[in-house]
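Just so we're clear, the structure is a prediction, and the values are computed from it rather than from any experiment. Order of the sequence lines sets the chain letters (A, B, ...), proteins ahead of strands, with each chain counted from 1.
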Number of protein chains: 4
Amino acid sequence: MKIYMAPLNEEQLDKKKRERKEQIMRAALKVFADNGVKLTKISMIAKEAKVSHGLVYHYFDSKDEILYESIEYGMQENMVEQFFNDLNDSRRTPLEKIKQFTRFAFKESDTGISNMVFRIVQQLNVVNGLPDHIHELVENAGKFYIEALTPLFLDGQKRGEIIQGDTEELLGVYLTVLSSIMADDPSFWRENLEWKVEILLRMISIR
Amino acid sequence: MKIYMAPLNEEQLDKKKRERKEQIMRAALKVFADNGVKLTKISMIAKEAKVSHGLVYHYFDSKDEILYESIEYGMQENMVEQFFNDLNDSRRTPLEKIKQFTRFAFKESDTGISNMVFRIVQQLNVVNGLPDHIHELVENAGKFYIEALTPLFLDGQKRGEIIQGDTEELLGVYLTVLSSIMADDPSFWRENLEWKVEILLRMISIR
Amino acid sequence: MKIYMAPLNEEQLDKKKRERKEQIMRAALKVFADNGVKLTKISMIAKEAKVSHGLVYHYFDSKDEILYESIEYGMQENMVEQFFNDLNDSRRTPLEKIKQFTRFAFKESDTGISNMVFRIVQQLNVVNGLPDHIHELVENAGKFYIEALTPLFLDGQKRGEIIQGDTEELLGVYLTVLSSIMADDPSFWRENLEWKVEILLRMISIR
Amino acid sequence: MKIYMAPLNEEQLDKKKRERKEQIMRAALKVFADNGVKLTKISMIAKEAKVSHGLVYHYFDSKDEILYESIEYGMQENMVEQFFNDLNDSRRTPLEKIKQFTRFAFKESDTGISNMVFRIVQQLNVVNGLPDHIHELVENAGKFYIEALTPLFLDGQKRGEIIQGDTEELLGVYLTVLSSIMADDPSFWRENLEWKVEILLRMISIR
DNA sequence: GATGAATGAGAATTCATTCAT
DNA sequence: GATGAATGAATTCTCATTCAT
C-alpha cells in the first residue's frame with residue numbers, strides 16, 4: 001500500500017542498485033532523525049552507510065534529494081501503514097491502540113525506519129524555508145499520522161476513555177509531545193518504556 | 001546569589017563594560033534558545049544585540065565562552081531562584097506550584113532570561129562532545145531545577161495530589177517532556193497555554 | 001553617464017571599501033576575460049587581486065554576483081562611453097573612427113577595463129543557461145556597442161567608405177570577429193597592431 | 001598517410017576494437033571542438049559515443065590520452081590532406097583555393113572530422129600548461145596547415161590576387177582569425193556562409 | 001569487452017576567529 | 001572601545017579515474 005507518492009522502486013533499478021540506495025537512505029534516516037536535518041553532514045550519512053561521500057552523490061543529486069527520497073522511502077517501506085491496519089483490525093479499545101502506537105513510536109530497530117520518519121517529519125514541520133516539494137511531502141506525511149489517529153481519538157472520546165475537548169487540538173498536543181521527546185533523546189524513553197508510556201497516556205486518558 | 005560557578009569578577013568590570021556584556025549575553029541566550037547552540041551563528045547574536053560581531057569577540061574569546069558565560073549569567077541574574085523562593089513562600093498546593101512553573105517555562109519575555117536558560121540547558125543535556133567545563137555547567141544547572149522541584153513532587157505525592165512512584169524518575173520524565181517540547185516550537189505552546197498546561201499536568205496529577 | 005544599470009557607488013560605501021571591491025572586480029574582469037567565465041575559479045580571482053578567497057566572499061555573495069557586478073562596474077567605470085563621445089566629436093571619417101575603436105579594443109591597460117568587458121560580454125553572448133539578470137545585463141552591454149557603432153557604419157556606407165549590404169549583419173560580423181580574436185590571444189594582436197588593424201578593416205572598407 | 005606521429009599499431013588491433021576506438025575518438029573530437037577541452041567531461045564523450053564512461057577508460061588511459069589520440073586520429077584519418085591534394089590539383093586560382101579552404105573550415109559534418117581537429121588545435125594553441133607530448137602534437141598539427149597554405153598565399157601574392165607583405169605573418173593573421181571565430185560560435189558562421197566567407201577573404205584579397 | 005559502482009581530489013561557499021584601523 | 005576587513009578550516013557538490021562484476 002503506497003499512499004502519498006510515486007513508487008520508488010521502478011523495475012529498472014536492479015536489485016543491487018536498489019539495495020545500495022536503501023542502505024544509504026536508511027543511514028540517512030537514522031542520521032537525520034538523530035541530528036536534525038540541518039546539522040546532518042553528508043559525511044555523516046556516508047559514514048553511517050559505510051560508503052564514500054562520492055557514492056552518496058552517485059545515487060542522489062543533493063542533500064535535499066536524499067532527504068526527500070528517504071522520507072518517501074520511509075513512508076513506503078516502513079510498517080506504519082501495516083501497523084495501523086493491524087491495529088484497526090484488532091479488538092483493542094481505542095486507548096489500547098493509542099498506547100500501542102506510542103510504544104511503537106519509541107521502538108528502535110534497524111529495519112524499523114518508521115519512527116525515524118515520524119521524528120524527521122515532526123522536526124521539519126517547524127522549519128521554514130524548506131524547498132516546496134519537501135514541504136509538501138512533510139505535510140502529507142504529517143497528515144497521514146493525523147488521519148490515522150483521529151478516528152481512534154474520536155472513538156475514545158465517545159466511549160469515555162479519552163478526555164473531552166477539541167479532538168484535533170488534543171491529538172495535536174499529543175503528537176507534538178511525542179515527536180519532540182523522540183527528537184531529543186530516544187534512548188531515555190526506551191528505559192522503563194512501559195511505565196513512561198503510561199505516564200504519557202495519562203495526558204489524554206480518563207481514569 | 002551565585003550558585004554553581006566561580007564569580008564573574010564583576011567588581012573590576014566597570015559598569016559600562018558589564019552592561020555591554022550583559023547586552024550581548026541576553027541576546028545570546030535568546031538566539032541560542034531559539035535556534036539551538038550549533039545552529040546559532042555569531043552574526044545572529046551580534047545582530048540581536050545590535051553590535052558588530054567584532055565587538056562580541058572583544059568581550060568573549062569564543063563561541064563556547066559566550067555560551068558558558070551566558071548560561072552562568074542566566075543562572076545568576078535570572079529570576080529562577082527568586083521565582084522558586086516566591087513559589088515556596090506561597091500558600092499554593094504543590095501541584096499549583098508545579099503548574100506555575102510549567103506556565104513559566106513557556107512564557108516568553110525579553111528580559112525574562114530564565115526559561116531561555118532552561119531551554120538551552122535541556123537542549124545541551126542531550127548533546128555529546130561538549131567541552132568539559134560547559135558540560136559540567138549544564139549538569140549543574142540541570143540539577144538546580146531538579147533540586148528545586150523535587151520537594152514539590154515529594155510533597156505532592158505525600159498529599160495524594162501526584163501519582164505515586166519513583167519521585168526522581170517521575171520528575172525526570174516531566175522535565176524531559178517540558179524541555180523537549182520547548183525546544184521544538186515554543187510558539188505552538190503559547191497558543192491556548194492554560195489548556196495545554198492542564199493537559200501536561202495530567203501526566204502526574206491524580207484526579 | 002551611466003547607461004544601463006543602477007549606480008554602484010552608493011555614498012554609503014566608504015572610499016576604502018569601494019576601492020577594495022574595485023580591486024577585486026578589476027581582477028575578476030581580467031581573469032574572466034582571459035580564461036572564460038566557467039573556467040575561472042574564485043581562487044584565481046583572489047590570487048589576481050592578492051586577497052584571500054574568503055575576502056572575495058566578504059564583498060560578493062557568489063561567483064555569479066562577482067560576474068554581474070564586475071560587468072556593471074566595467075560598463076560604468078570604463079572609458080567606453082567617453083571614448084565614443086570623443087570619437088563622435090572628432091572630425092575623422094567614419095572609417096577612421098572604426099579603426100580607432102578597433103585599436104582600442106586591443107589596447108591593454110590595467111585601468112583599461114573596457115575591452116575586458118567587451119570580451120566577456122561577447123563570450124557570454126554565446127553561452128546558454130545564464131541566470132536571467134546576467135543574461136539581460138550581457139544583452140544590454142552588447143547592444144550598447146551595436147548602437148554606438150551602427151551610425152558609423154551607416155555613415156560610412158553612405159559616404160562610400162564601407163561596403164554595401166545589410167548594415168546590421170555587416171556590423172555583426174565585424175564585432176564577432178573582433179570579440180573572438182580578442183578572446184583567444186590578445187597578445188598576438190598587440191604585436192604589430194597597426195598593420196593587423198589595417199588587415200581587419202579591409203573586411204569592410206572599400207579601397 | 002600518417003604525418004607527425006608514431007603509428008597506432010593498428011595491425012594488432014582487431015577490426016572490432018579499432019572501430020570502437022574510432023567511434024569514441026570521433027565523439028571526442030566533436031565534443032572537444034564544441035565545448036573546449038577543459039570543459040569537456042568524460043561523460044559527455046561517452047554519451048556522444050553512446051557507450052558507458054567505463055568503456056572509454058577501457059580504451060584510453062586518461063582524458064589527455066583521449067585528446068592526444070583523437071587529434072592524431074583526426075590528422076590521420078581525415079580528409080585534410082586529401083583535400084589539399086585535390087585543391088592543388090585543381091585549376092582554381094590560389095584565392096579560389098583559399099576560399100574553398102575557408103568554406104571547408106566552417107562546414108559541419110558528422111564524419112567530417114577535419115575541421116574539428118582544426119578547431120581543437122587552434123584552441124589549444126593558446127592554452128598554457130599542456131602536457132609536453134600534446135603541446136608538440138598541437139604545434140605540429142598547426143604547422144601542417146601553415147605548410148599547406150603557405151604556397152597558396154605565395155602564389156596569390158605573386159599573381160597579385162593577394163596583398164603584399166610578410167607572407168607568414170599574413171597567413172598567421174588569417175588562420176588566427178579563422179580559428180578564433182570558429183571557436184566561438186560555429187553556427188553563426190554557417191548562416192549566410194558564402195557572404196561571410198567573402199567578407200573574410202577581403203582581408204587578404206586585392207580587388 | 002562492457003557496465004556502472006566506488007573513490008577521492010578539488011571547487012564554491014559558509015562562518016568562527018583574528019587583526020588593523 | 002568598536003567596527004568590519006581578512007583569513008582559513010570545514011562543508012556541499014563535481015568529476016576524473018579505478019575496480020568489481
Side-chain angles (χ1 to χ4, degrees), chain A residues 13-14 16-17 19-21 23-24 38-46 49-66, chain B residues 14 16-17 19-21 24 38-46 49-66, chain C residues 13-14 16-17 19-21 23-24 38-46 49-66, chain D residues 14 16-17 19-21 24 38-46 49-66:
Chain A
L13 293 178
D14 61 8
K16 199 68 175 299
K17 182 169 175 177
E19 278 170 4
R20 221 36 165 158
K21 273 194 90 156
Q23 174 189 6
I24 294 173
K38 193 72 193 297
L39 288 180
T40 293
K41 288 150 207 163
I42 299 296
S43 60
M44 296 161 76
I45 296 174
K50 298 189 203 314
V51 299
S52 69
H53 74 269
L55 191 62
V56 174
Y57 280 94
H58 184 68
Y59 289 104
F60 301 91
D61 285 343
S62 67
K63 189 174 164 180
D64 275 352
E65 202 193 298
I66 301 171
Chain B
D14 62 7
K16 193 80 175 297
K17 182 167 174 179
E19 278 170 5
R20 244 348 187 180
K21 277 193 85 155
I24 294 172
K38 196 69 193 296
L39 289 181
T40 292
K41 289 150 207 165
I42 298 296
S43 60
M44 295 161 77
I45 296 174
K50 299 190 204 313
V51 300
S52 69
H53 71 270
L55 193 61
V56 174
Y57 275 91
H58 185 70
Y59 289 105
F60 302 91
D61 284 345
S62 69
K63 189 174 163 179
D64 275 352
E65 203 195 299
I66 302 171
Chain C
L13 293 178
D14 61 8
K16 198 71 175 299
K17 181 168 176 177
E19 278 170 4
R20 221 34 166 160
K21 274 194 89 156
Q23 173 188 4
I24 294 173
K38 193 71 193 296
L39 288 181
T40 293
K41 289 150 207 165
I42 298 295
S43 60
M44 295 161 76
I45 296 174
K50 298 189 205 314
V51 300
S52 69
H53 72 270
L55 191 62
V56 175
Y57 279 94
H58 185 69
Y59 290 103
F60 302 91
D61 284 344
S62 67
K63 189 173 162 179
D64 275 352
E65 203 195 298
I66 301 171
Chain D
D14 62 7
K16 194 78 175 296
K17 182 167 174 179
E19 279 171 2
R20 245 346 188 184
K21 277 195 85 157
I24 294 172
K38 194 69 192 298
L39 288 180
T40 293
K41 289 150 208 165
I42 299 295
S43 59
M44 295 161 77
I45 296 174
K50 299 190 205 312
V51 300
S52 70
H53 70 270
L55 193 61
V56 175
Y57 275 91
H58 185 70
Y59 288 106
F60 302 90
D61 285 344
S62 68
K63 189 174 163 179
D64 275 353
E65 202 194 300
I66 301 171

pair Val51(B)-Arg20(B): side-chain heavy atoms closer than 4.5 Å: yes
Judged by each residue's nearest nucleotide on DNA chain F, which is more toward the 5′ side, Lys38(D) or Ser52(B)? Ser52(B)
Take N1-N3 plus N6-O4 or O6-N4 for Watson-Crick, N1-O2 plus O6-N3 for G-U, both under 3.5 Å. Which runs of 3 or more such pairs involve DNA chain F? E:2-21 with F:2-21
For Tyr59(C) and dG4(F), is the shortest distance between a side-chain N/O and OP1 or OP2 below 4.0 Å? no
Rounded to whole Å, the CZ-P distance (Phe60(B) to dA2(F)) equals 13 Å
Between dT17(E) (C1') and Leu55(C) (CG): distance, integer Å: 15 Å
Can you tell me the distance, in whole Å, between the CG atom of Leu39(A) and the P atom of dT14(E)? 17 Å
Reckon Arg20(C) has a side-chain N or O less than 4.0 Å from the OP1 or OP2 of dA6(F)? yes
Just how far, in rounded Å, is C1' of dA6(E) from CD of Gln23(A)? 12 Å
Spacing between Asp14(A) atom CG and dT21(F) atom P, to the nearest angstrom: 14 Å
side-chain N/O Tyr57(B) vs dT18(E) OP1/OP2, d < 4.0 Å: no
Just to verify, what does Glu65(C) make a side chain to side chain donor-acceptor pair (under 3.5 Å) with, not counting sequence neighbours? none
Hey, are the side chains of Asp14(A) and Lys17(A) touching, using non-hydrogen atoms and a 4.5 Å cut-off? yes
Residue closer to the 5' end of DNA chain E, Ile42(B) versus Val51(A) (nearest nucleotide): Val51(A)
Side chain His53(C) and base dA9(F) donor-acceptor under 3.5 Å: yes
Whole-Å distance separating the NZ atom of Lys63(A) from the P atom of dT14(E): 14 Å
Please state whether the phosphate of dA5(E), meaning OP1 or OP2, lies under 4.0 angstrom from any side-chain nitrogen or oxygen of His58(A). yes
